[in-house]
Amino acid sequence: MGFLTGKTAIITGAGRAVLSDGRCGSIGYGIATAYAKEGANLVITGRNVKKLEDAKEELERLYGIRVLAIPADVSAGADNEAVVQEVVRQAVEAFGRIDVLINNAQASASGVPLAEQTTEQFNLAMYSGLYAVFYYMKACYPYLKETKGSVVNFASGAGLFGNYGQCSYAAAKEGIRGLSRVAATEWAQDGINVNIICPLAWTAQLEQFSIQYPEAYKENVKMPPAGHFGDPELEIGRVCVQLASPDFKYMNGETLTLEGGKGLRP
């Protein structure tokens, strides 16, 4: 039994994705796997029903946990607050508690220069990223306060370093970073831990980015000094597990960077 047995984690963007060589190709699914190995019951969300169903089947079969898979898409024109509240309602109905919220989901039109970016493309990043984090944090707050829980949000080097062709993505991620800092300040008195991770993992999305936008990929994506990209489960997922540990409560408000071994403070 892991130290998260009996606890519940919501992980957005956790559908199962694979690389061209068959390895895990999704940060969200890598995190879900790491949490499943520690015994946590999971609520996973995403836009792709098939990927969610595949994730649920494999996680329950391999690790003997319960997984609630809920299709959910925060996007322009939708009643997004209601979408998120329904996810949280189902989570509490199924498991009775929320201990961890991991806001991983993000879509964007990476590779498109700022001068060519459309409003629709900009909205894609802002709604799926920044607005989704805002709504999930608000909806989960009462339950995280009750369990003295943890929030893990995802920012990016795109915003830290101003990556070419990633204006909307960078804007969403920097917004998430600012929002997380405020939450860390306001929610510390409630015993809620809030942290940010800026990862660089080799995912199916990054693999496709390298194929579709080779110039932008060459300009933006550099091999970390460690000589390999982060593993979605063994590195990114395990960091998320550690941030749910009571031993890491002192890290409230930190930014963890997994892009070459540098630790950046907010």
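Just so you know, residue 1 is the first one in the sequence shown, and it goes up from there. Remember, it's a predicted structure, so these values are computed and weren't measured experimentally.
Side-chain atoms of D99 do not come within 3.5 Å of backbone N or O of K7 as any donor-acceptor pair. Under a 3.5 Å cut-off, the side chain of T147 and the backbone N or O of I98 do form a donor-acceptor pair. The backbone N or O of S110 lies less than 3.5 Å from no partner atom in the side chain of Q166, so there is not a single donor-acceptor pair. For T12 (side chain) and A105 (main-chain N/O), a donor-acceptor pair under 3.5 Å exists by modelled atom type. Under a 3.5 Å cut-off, the side chain of S128 and the backbone N or O of A107 do form a donor-acceptor pair. When atom types are taken as modelled, the side chain of K56 and the backbone of V67 share a donor-acceptor pair closer than 3.5 angstrom. In this structure a side-chain-to-backbone donor-acceptor pair under 3.5 Å is missing from Y143 to G96. Under the 3.5 Å distance criterion, the side-chain polar atoms of Q117 are matched with a main-chain donor or acceptor of V112. In this structure, the side chain of S26 engages the main chain of G15 through a donor-acceptor pair within 3.5 Å.
Remark: E53 does not engage K50 in a salt bridge, criterion side-chain N to carboxylate O under 4.0 Å.
Note that SG of C240 and CG of N104 are 8.0 Å apart. Values are rounded to the nearest 0.5 Å. Considering NZ of K37 and CZ of R238, their distance stands at 8.0 Å, rounded to 0.5 Å. In this structure, CG on L144 lies 8.0 Å from OG on S150, to the nearest 0.5 angstrom. Once rounded to the nearest 0.5 Å, the distance linking CD1 of I10 with CD1 of I70 reads 7.5 Å. Separating the CZ atom in F154 from the CG atom in N103 is a distance of 9.5 Å, to the nearest 0.5 Å. Distance check, rounded to the nearest 0.5 Å: CD1 of I192 to SG of C140 gives 9.5 Å.
Shown here for A158 and A170, the closest heavy-atom pair between the two residues is O-CB, 3.6 Å.
With 3.5 Å as the limit, one finds a donor-acceptor pair spanning the side chains of S180 and N153. With no hydrogens or angles considered, a side-chain donor-acceptor pair links Y141 and D190 at under 3.5 Å. For the residue pair Y63 and E58, no side-chain donor N or O sits within less than 3.5 Å of a side-chain acceptor on the partner. Of the N and O atoms on the side chains of S168 and Q121, not one donor lies less than 3.5 Å from an acceptor on the other residue.
Heavy-atom neighbours of F229 CZ from other residues, nucleotides or ligands within 6.0 Å: above the threshold of 12. Counting heavy atoms of neighbouring residues, nucleotides and ligands inside a 6.0 Å radius, atom CZ of R47 does not exceed 12 of them.
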| request: Given side chain to side chain contact (heavy atoms under 4.5 Å, CB included), test K138 with V84 step by step and report yes or no. | output: CA-CA 9 Å; K138 279 189 63 180; V84 171; over 6 Å; no
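You'll find the side chain of Y136 reaches within 4.5 Å of the side chain of V87, heavy atoms only. K173 places a side-chain heavy atom less than 4.5 Å from the side chain of I176.
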